[in-house]
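A quick write-up on the structure given underneath.
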Amino acid sequence: MLEAISLTKRYEDGELALDGLTFKVEPGEIFCMFGANGAGKTTTINLFLNFIPPTSGTALIEGVDVAKDPLKAKRHVSFVSENVMLYGNFTAVQNLDYFSRLAGKRNLTKKDYGAVLEQVGLQKEAFDRRVKNFSKGMRQKLGIAIAVVKDAANVLLDEPTSGLDPQSGREFLEILVQMRDKGKSVFMSTHDIFRAKLIADRIGFMRKGRLVMMKTAKELAHEDLTDLYIQYMEEQPGQPAPTAAPSA
Amino acid sequence: MLRDIIKKEILDNITSPKFVFTFLLCTILILLSIYTGVTNYRAEKKEYTAALALNKKNMESQPNYQSLAGIGIKISKPPQVLGTVVTGIEEAVGRVAPVNIAADPNLIDSKYSSNPVFAVFGSLDLMFIVKIVLSLFAILFTYDAIVGEKEKGTLKLALSNDVPRDRLILGKAIGGYISLLLPLLIPLVLGLLILLITPDISLSGQDWARLLLIFLLFFLYLSVFFSLGLFVSARTSRSSTSFLVLLFVWVVFVMVIPKVAVITAGQIRPIPSVHEITAKKDAFLQQIQSEGQKGVIEWSKKNAADAQKDVKAYQEKFRKFIQDYQQELTSKIDENNAALERDYQQKKRAQQSLAVNLSRISPASALTFGSMTLARTGIDDFDRFLASVRAYKPIYTKWINSKLGQSINFQTGETIQIKIDDMPQHIYEPQWLSQSLVRTIPDFALLAVMIIVFFVGAYVSFLRYDVR
Ligand SMILES: Nc1ncnc2c1ncn2[C@@H]1O[C@H](COP(=O)(O)OP(=O)(O)O)[C@@H](O)[C@H]1O
Ligand SMILES: [Mg+2]
């Protein structure tokens with residue numbers, strides 16, 4: 001389970017990137033967070049991974065305070081970043097092998113890696129090719145494979161679908177659904193309204209570091225997400241950003 | 001986990017193009033330098049042996065002691081076998097010191113003066129390769145060690161696991177160091193083999209110990225740049241910045257500090273020029289010579305009466321007088337020269353040690369001085385050799401003067417055949433290992449301190465490094 005309790009982050013330059021963010025992602029739930037560029041999505045994920053300290057508030061992974069015991073917390077989380085280059089001199093399998101070992105999975109065989117890479121939709125010829133020449137989408141798939149192998153109870157994804165072709169996008173959604181079915185808590189920041197609507201159990205809208213709206217899939221079933229997106233994301237002059245009452 | 005990180009670091013390095021490039025260049029340069037070192041040493045040794053024989057033959061073929069005294073004796077400095085890896089100042093300083101009654105001995109006929117083209121390019125010894133080229137490689141292997149992983153996003157990915165940061169930097173340091181050593185060790189071992197199998201080169205136990213210490217110094221020096229590279233790469237957020245900073249520091253360490261130290265020491269502790277000293281010596285020599293002529297005339301005047309009485313006794317007395325007087329005058333010259341020399345040497349040493357100590361802030365200087373001392377090709381060793389020649393000069397002068405005195409036969413005007421078997425020999429004892437070690441302790445210590453400081457700096461910086 002992922003939980004943010006009035007998470008606030010003010011950067012050294014005074015920029016208030018997160019302002020009392022509170023939400024929860026239950027086991028077996030996919031939570032999609034929308035927000036324009038600079039809304040604070042990456043900051044949120046960085047706080048969950050202890051890459052930066054919170055100004056105030058708490059991020060909890062499986063009930064463990066990330067800032068207090070980061071190593072223990074990180075044991076329970078997989079991470080797919082926005083844009084990871086990986087080790088260019090290594091093949092896909094070598095990259096996967098190294099990160100699996102760091103994640104504590106050391107008994108995997110080449111066959112296991114092959115199965116995962118196939119699952120994320122990487123073409124077979126690429127398994128043993130150097131990552132240096134991979135396209136962004138191929139690297140993204142490899143990044144997802146690394147998260148899949150770790151098999152942690154919580155998954156953080158930062159705009160993972162950017163760079164994926166439609167076919168790969170669908171395969172990716174399948175993987176997320178499988179994760180949910182295994183009881184994982186999935187937190188994904190994204191701009192991809194259509195794909196999110198297909199799988200999200202809950203959707204949050206962020207603006208200027210605040211959660212301005214949060215709705216369940218059921219509540220959204222008959223709404224046009226694009227309209228909502230524009231409604232909540234557009235700057236409303238003179239009016240403070242609306243605050244959502246945390247549901248669920 | 002540490003093992004995985006080390007393994008990955010090595011694999012990442014050796015699969016990179018820079019590794020192949022480094023490996024090739026290292027092999028070529030190291031082998032080339034050892035080959036030229038060996039060739040030079042063999043040539044020097046041959047020349048040395050030939051010079052000794054020639055000098056002996058030349059002396060033996062002199063018709064009498066007068067002409068023997070005229071040519072004097074030439075003392076050659078034996079080449080040092082470890083000059084094959086650390087040439088030091090061997091090529092710049094003279095190899096021969098002529099000793100005769102009048103002049104103060106000095107080393108002349110350096111390789112550079114006899115063939116200036118050598119001076120243009122300097123020597124390509126192993127120490128130079130380590131100092132200039134391999135230190136750059138150490139930077140090349142580390143400048144992006146941390147900042148590069150940040151740029152690739154792999155640092156974030158790695159630290160999204162329960163990997164302690166200290167483990168990660170330790171693994172990267174160990175793995176990176178091993179990958180730097182790999183392209184070095186193979187050519188170095190090959191180079192040692194060359195030293196082993198070359199016929200004219202025989203290394204004594206002490207030489208091996210010195211060689212190992214020199215290699216230790218090399219590795220410490222490279223470790224300084226390695227840990228410096230880690231440090232800078234853990235303090236920058238772009239690898240291009242890291243590289244520029246490191247290049248700048250390298251230039252300051254290797255090029256600027258040693259030169260500035262020498263210039264500064266010259267300003268703070270000036271020494272009289274060689275010309276000044278020579279002029280003083282010459283002036284005194286002239287003074288003594290005219291004094292000597294006067295002395296002889298006075299003696300003749302005083303003893304003119306005796307000459308009429310008993311010619312034979314007079315001649316005997318004159319011979320005795322000349323012999324003693326000559327000895328007296330030469331020892332006066334020697335004393336004066338020695339005093340001037342002592343003063344000059346003292347000032348020079350003060351300046352030198354100031355320059356050495358100032359420059360020691362730079363690891364390149366510590367490497368240079370330390371390895372030269374260990375190879376016995378440094379300034380100390382030449383001072384020591386020259387001192388031994390200067391100590392020998394009065395011994396030689398005494399011997400040749402006594403021979404000169406005995407050789408004058410006033411009756412016949414004949415001169416007796418020369419015999420040089422009983423001529424005192426010049427003895428040079430090079431520095432012992434223990435002495436060299438004591439002299440190099442500061443160099444070892446300074447390098448070790450720099451490694452620790454830079455590594456701790458890298459470690460602490462990485463614990464707080466912004467991985468985003
Ligand atoms: N290191 C930083 N220092 C100062 N401000 C930052 C830093 N990183 C991000 N910000 C600011 O914080 C806000 C949120 O950024 P971010 O979390 O990256 O947004 P998103 O991922 O939603 O696009 C932005 O206004 C951004 O300019
Ligand atoms: Mg972002």
Side-chain angles (χ1 to χ4, degrees), chain A residues 11-12 42-43 45-53 61 64 66 69-91 94-106 130-132 139-140 142-144 146-147 149-150 152 154-158, chain B residues 1-23 140-141 144-172 174-176 179 182 234 237-239 462-468:
Chain A
Y11 283 107
E12 293 74 30
T42 302
T43 302
I45 289 177
N46 284 341
L47 283 166
F48 268 103
L49 292 167
N50 194 41
F51 292 157
I52 46 175
I61 298 177
V64 179
V66 174
D69 194 349
L71 291 184
K72 190 173 172 203
K74 286 179 193 178
R75 221 170 287 160
H76 306 294
V77 66
S78 310
F79 167 57
V80 178
S81 84
E82 210 172 335
N83 186 8
V84 60
M85 304 296 292
L86 298 158
Y87 295 108
N89 295 324
F90 285 8
T91 64
Q94 282 173 324
N95 269 297
L96 188 53
D97 180 58
Y98 173 60
F99 286 106
S100 306
R101 283 166 187 279
L102 285 190
K105 302 266 185 253
R106 21 192 90 243
R130 286 188 177 205
V131 167
K132 199 179 283 179
R139 282 201 299 269
Q140 207 63 34
L142 186 48
I144 293 161
I146 289 168
V149 167
K150 184 165 180 183
N154 302 276
V155 187
L156 297 168
L157 305 110
D158 198 358
Chain B
M1 184 190 292
L2 186 64
R3 258 186 55 199
D4 296 321
I5 298 169
I6 295 173
K7 224 176 83 187
K8 172 242 122 195
E9 192 67 22
I10 295 174
L11 193 64
D12 190 21
N13 273 316
I14 63 177
T15 50
S16 70
K18 76 182 168 198
F19 184 83
V20 182
F21 164 77
T22 316
F23 191 37
L140 195 65
F141 270 81
D144 65 345
I146 286 153
V147 67
E149 291 229 16
K150 169 204 171 115
E151 287 172 333
K152 283 190 289 234
T154 44
L155 199 51
K156 261 179 17 181
L157 199 50
L159 289 175
S160 71
N161 295 297
D162 57 329
V163 179
R165 285 192 180 207
D166 52 356
R167 195 91 43 97
L168 195 61
I169 177 103
L170 213 61
K172 285 191 71 72
I174 297 171
S179 2
L182 282 178
S237 54
R238 277 168 55 193
S239 53
F462 184 65
L463 293 186
R464 307 200 210 133
Y465 191 66
D466 187 354
V467 301
R468 291 168 302 145

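Just so we're on the same page: letters track the sequence lines, and every chain starts at 1. Worth knowing before you read on, the calculation uses all heavy atoms, side chains too, and leaves out hydrogens, waters and symmetry mates.
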Are there over 12 heavy-atom neighbours, none belonging to [X], within less than 6.0 Å of that residue's [atom1]?
{"X": "B:Lys152", "atom1": "NZ", "answer": "yes"}
{"X": "A:Arg106", "atom1": "CZ", "answer": "yes"}
{"X": "A:Lys132", "atom1": "NZ", "answer": "yes"}

Contact summary for B:Glu151 and A:Met85, nearest pair of heavy atoms: O-CG, 4.1 Å
Minimum heavy-atom distance A:Leu86-B:Leu157, with the two atoms named: CD2-CD2, 3.8 Å
Proximal component of [X], with respect to chain B [non-hydrogen, under 4.5 Å]:
{"X": "A:Ile146", "answer": "side chain"}
{"X": "A:Phe79", "answer": "both"}
{"X": "A:Glu82", "answer": "neither"}
{"X": "A:Tyr87", "answer": "both"}

Name the region of B:Ile5, side chain, backbone, both or neither, that has any atom closer than 4.5 Å to a heavy atom of chain A. both
Need one label for B:Val467: side chain, backbone, both or neither, based on atoms under 4.5 Å from any heavy atom in chain A. side chain
Just by distance, do the side chain of A:Lys74 and the backbone of B:Leu159 share a donor-acceptor pair under 3.5 Å? yes
Report yes if the side chains of [X] and [Y] come closer than 4.5 Å at any heavy-atom pair, otherwise no.
{"X": "B:Pro164", "Y": "A:Leu71", "value": "yes"}
{"X": "A:Leu102", "Y": "B:Met1", "value": "yes"}
{"X": "A:Gln94", "Y": "B:Thr15", "value": "no"}

For B:Arg468, which residues count as a salt bridge (Lys or Arg N to Asp or Glu O under 4.0 Å) partner, sequence neighbours excluded? B:Asp466
Residue list, salt bridge (Lys or Arg N to Asp or Glu O under 4.0 Å) with A:Arg139, at least two apart or on another chain: none
What's the separation between atom CZ in A:Arg101 and atom NZ in B:Lys8, rounded to the nearest 0.5 Å? 14.0 Å
Nearest 0.5 Å, what's the CG-NZ distance between A:Asn46 and B:Lys156? 5.5 Å
